[in-house]
Student: 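Could you have a look at this structure, given as structure tokens, before my questions?
Just the heavy atoms: all of them, side chains too, but no hydrogens, waters or symmetry mates, feed the values below. Each ligand, and each atom within it, is numbered from 1 in the order the structure gives. Bear in mind the structure is a predicted one, so any value in this text is a computation, not a measurement.
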Amino acid sequence: MTVSSTPLLCPDPEGLARAAALLRAGACVALPTETVYGLGADARNGAAVAGIYAAKGRPSFNPLIVHIARPEDAARYVVWPEAAARLAAAFWPGPLTLVLPLREGHGIASLVTAGLDSLAIRCPAHPVAQALLAGFDGPVAAPSANPSGKISPTQAAHVIEGLTGRIAAVLDGGAAEIGLESTIVSLTGTPSLLRHGSITREMLEAALGAPLATATTPAAITAPGQLASHYAPDAALRLNVTTPAADEALLGFGPVERAALNLSAAGDLREAAANLFAMLRALDAQASKIAVSPIPARGIGLAINDRLTRAAAPR
Ligand code: TXA
Ligand code: MG
């Protein structure tokens with residue numbers, strides 16, 4: 001039996017104050033957001049940010065997302081073009097990350113951006129994240145709170161499972177409502193979609209009033225969310241399966257028979273997204289082969305298929 005050496009904090013005034021004090025002291029604290037749990041540290045403190053990489057076992061060339069309390073805080077760190085103002089007005093606070101050029105005097109530790117001259121920034125909507133960011137009153141760098149290469153956590157217990165003993169605390173905000181990492185849009189050049197999420201291309205293009213290019217990954221960045229194998233369970237994963245083999249546990253979608261677990265028996269894509277990572281974890285713990293029902297490639301289904309494809313990629 002493993003004994004948890006990382007405390008769970010309640011999101012009450014005492015727990016929030018404790019979490020903010022830990023961040024101020026340069027420690028790493030996991031926090032809930034509406035997408036997935038993040039592993040936060042003071043983005044201005046290089047040593048604190050190094051703690052994130054150490055806890056996750058993450059290759060240090062991968063840049064992190066900075067979280068801010070209020071949309072208007074963004075202009076302190078990044079250049080703020082009209083396109084950013086439009087997207088922020090439409091989707092912040094919320095599950096959207098914008099990549100923008102760093103501005104002079106930004107104060108963000110270079111380890112956060114892995115030396116790039118752009119910064120990924122997001123204003124999360126989760127009330128506990130909001131309360132912590134407001135109480136801390138500074139920028140918080142936070143990747144998903146999982147060991148590098150593993151499935152993103154959507155519950156405090158998942159964070160403990162992967163990182164206990166390696167981080168100072170986990171602020172418990174319950175199950176993440178969306179369950180998939182934020183949509184990422186780069187505005188450093190031609191606006192382009194870097195990562196699919198619950199905010200879809202159609203929603204973004206409507207808010208921008210212009211089409212979005214599809215990202216071609218710059219070789220120098222190699223975003224982990226863009227690597228072929230990521231979000232990986234230990235079990236072998238087979239996708240678009242209508243007839244599972246006898247030794248496969250079926251992760252169903254829609255009215256399928258023999259599903260070990262069903263992402264959404266009603267065929268609701270939002271429900272499926274919210275369940276995806278927790279159900280992958282649960283099946284991973286009990287089976288060595290997982291088959292997944294076909295998921296429609298529309299709306300948030302595109303982001304679900306993106307994560308599943310990476311989870312199934314050879315490694
Ligand atoms: O929903 C989310 O986005 C969660 C929560 C905690 O906010 N965070 C998250 O972080 O998913 P992470 O580190 O697992 O993924 C961040 C992605 C990576 O693919 C990273 O490479 C990319 O953002 N990224 C960060 N800075 C970038 C930059 N300057 N240019 C391009 N991509 C960047
Ligand atoms: Mg991640």
Side-chain angles (χ1 to χ4, degrees), residues 28-41 43 49 52-53 55-68 77-79 91-102 106 108 110-126 128-130 132-133 139-154 158-159 162-163 171 173 176-189 192-199 215-232 273 277 303 306-307 310-311:
C28 293
V29 176
L31 66 146
T33 84
E34 69 275 28
T35 57
V36 300
Y37 275 71
L39 180 57
V49 175
I52 295 177
Y53 290 107
K56 283 182 64 92
R58 182 180 218 188
S60 59
F61 49 77
N62 296 331
L64 308 176
I65 297 173
V66 163
H67 298 68
I68 51 175
Y77 311 109
V78 288
V79 175
F91 303 114
W92 277 4
L96 175 67
T97 295
L98 297 176
V99 177
L100 289 154
L102 275 167
H106 56 77
I108 300 293
S110 61
L111 202 49
V112 171
T113 58
L116 296 172
D117 53 10
S118 59
L119 181 70
I121 194 160
R122 159 162 128 81
C123 178
H126 195 294
V128 176
Q130 287 262 325
L132 176 62
L133 290 166
V140 172
S144 51
N146 49 281
S148 191
K150 298 296 179 185
I151 299 169
S152 290
T154 57
H158 298 164
V159 181
L163 297 176
L171 195 52
E177 196 185 322
I178 293 172
L180 290 181
E181 301 85 349
S182 60
T183 303
I184 304 182
V185 171
S186 172
L187 297 175
T188 55
S192 56
L193 184 57
L194 297 189
R195 180 169 75 184
H196 289 286
S198 64
I199 294 176
T216 47
T217 312
I221 293 179
T222 321
Q226 297 165 358
L227 291 179
S229 169
H230 193 51
Y231 314 103
F277 290 146
D306 169 73
R307 303 308 189 276
R310 293 176 207 283

Student: With atoms numbered from 1 as shown, which atoms in ligand 1 lie under 4.0 angstrom from a non-hydrogen atom of Leu116?
Tutor: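 Matching atoms, with element in brackets: 28 (C), 29 (N).
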Student: side-chain contact (heavy atoms from CB on, under 4.5 Å) for Leu100 and Val79? Distances and angles first, verdict last.
Tutor: CA-CA 6 Å; Leu100 289 154; Val79 175; 5.7 Å; no
Student: For the pair His158 (side chain) and Thr154 (backbone), establish whether a donor and an acceptor sit closer than 3.5 Å, ignoring hydrogens and angles.
Tutor: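 Indeed, once roles are kept as given, a pair shorter than 3.5 Å links the two residues.
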Student: So is Leu194 in contact with ligand 1, going by heavy-atom distances below 4.0 Å?
Tutor: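 Contact present.
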Student: Do side-chain atoms of His67 reach the backbone of Val140 as a donor and acceptor pair under 3.5 angstrom?
Tutor: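 Present.
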Student: Under 4.0 Å from a heavy atom of Ala120: give me the atoms of ligand 1 that qualify, with their elements.
Tutor: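 That gives atoms 25 (C), 26 (N), 27 (C) of ligand 1.
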Student: Compute the shortest N/O to N/O distance between Ser144 and ligand 1 and return yes if it is under 3.5 Å, no if not.
Tutor: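 N/O-N/O distance under 3.5 Å: yes.
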Student: Does Thr33 reach ligand 1 with a nitrogen or oxygen that is under 3.5 Å from one of the ligand's nitrogen or oxygen atoms?
Tutor: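 Such a contact does not occur with ligand 1.
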Student: Is it the case that the side chain of Ser118 and the backbone of Pro101 share a donor-acceptor pair, with hydrogens and angles ignored and the cut-off at 3.5 Å?
Tutor: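 Side chain of Ser118 to backbone of Pro101: no pair is present.
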Student: Salt bridge check, Arg310 against Glu181: does any charged N sit closer than 4.0 Å to a carboxylate O?
Tutor: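 Salt bridge flag = no for Arg310 with Glu181.
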Student: Please state which option from Ala145, Pro63, Ala176 has its nearest heavy atom closest to atom 20 (C) of ligand 1.
Tutor: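 Result: the heavy atom closest to atom 20 (C) of ligand 1 is in Pro63.
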Student: When you check the side-chain N and O atoms of Arg122 and Thr33, is any donor under 3.5 Å from an acceptor?
Tutor: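 Judged by distance alone, the side chains do pair up.
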Student: Are a donor atom and an acceptor atom from the side chains of Thr97 and Arg195 found within less than 3.5 Å of each other?
Tutor: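 Not at all, the side chains of Thr97 and Arg195 share no donor-acceptor pair under 3.5 Å.
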Student: Is there a nitrogen or oxygen of Arg195 sitting under 3.5 Å from a nitrogen or oxygen of ligand 1?
Tutor: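 Yes, at least one N or O pair falls under 3.5 Å.
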Student: Does Lys56 offer a backbone N or O that forms a donor-acceptor pair with the side chain of Ser148 under 3.5 Å?
Tutor: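 Judged by distance alone, no pair lies under 3.5 Å.
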Student: Which residues satisfy the side-chain hydrogen bond (donor to acceptor under 3.5 Å, both in side chains) test with Gln130, sequence neighbours excluded?
Tutor: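 Here no residue qualifies.
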Student: Show me which atoms of ligand 1 lie under 4.0 Å from any heavy atom of Val36.
Tutor: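 Matching atoms, with element in brackets: 4 (C).
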Student: Where on Ile184 is there a heavy atom closer than 4.0 Å to ligand 1, on the side chain, on the backbone, on both, or on neither?
Tutor: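 The part of Ile184 near ligand 1 is the side chain, not the backbone.
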Student: With respect to atom 7 (O) of ligand 1, which of His126, Lys56, Glu34, His67 exhibits the smallest heavy-atom separation?
Tutor: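 When every heavy atom of His126, Lys56, Glu34, His67 is considered, His67 comes closest to atom 7 (O) of ligand 1.
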Student: Is the contact between Thr113 and ligand 1 made by the side chain, the backbone, both, or neither, using heavy atoms and a 4.0 Å cut-off?
Tutor: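 None of Thr113 does.
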Student: Looking at Gly38, which atoms of ligand 1 are within less than 4.0 Å of one of its heavy atoms?
Tutor: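 Counting from 1, the qualifying ligand atoms are 6 (C).
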Student: Has Ser144 got an N, O or S atom lying less than 2.8 Å from the Mg ion (ligand 2)?
Tutor: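 Checking Ser144: at least one N, O or S atom is under 2.8 Å.
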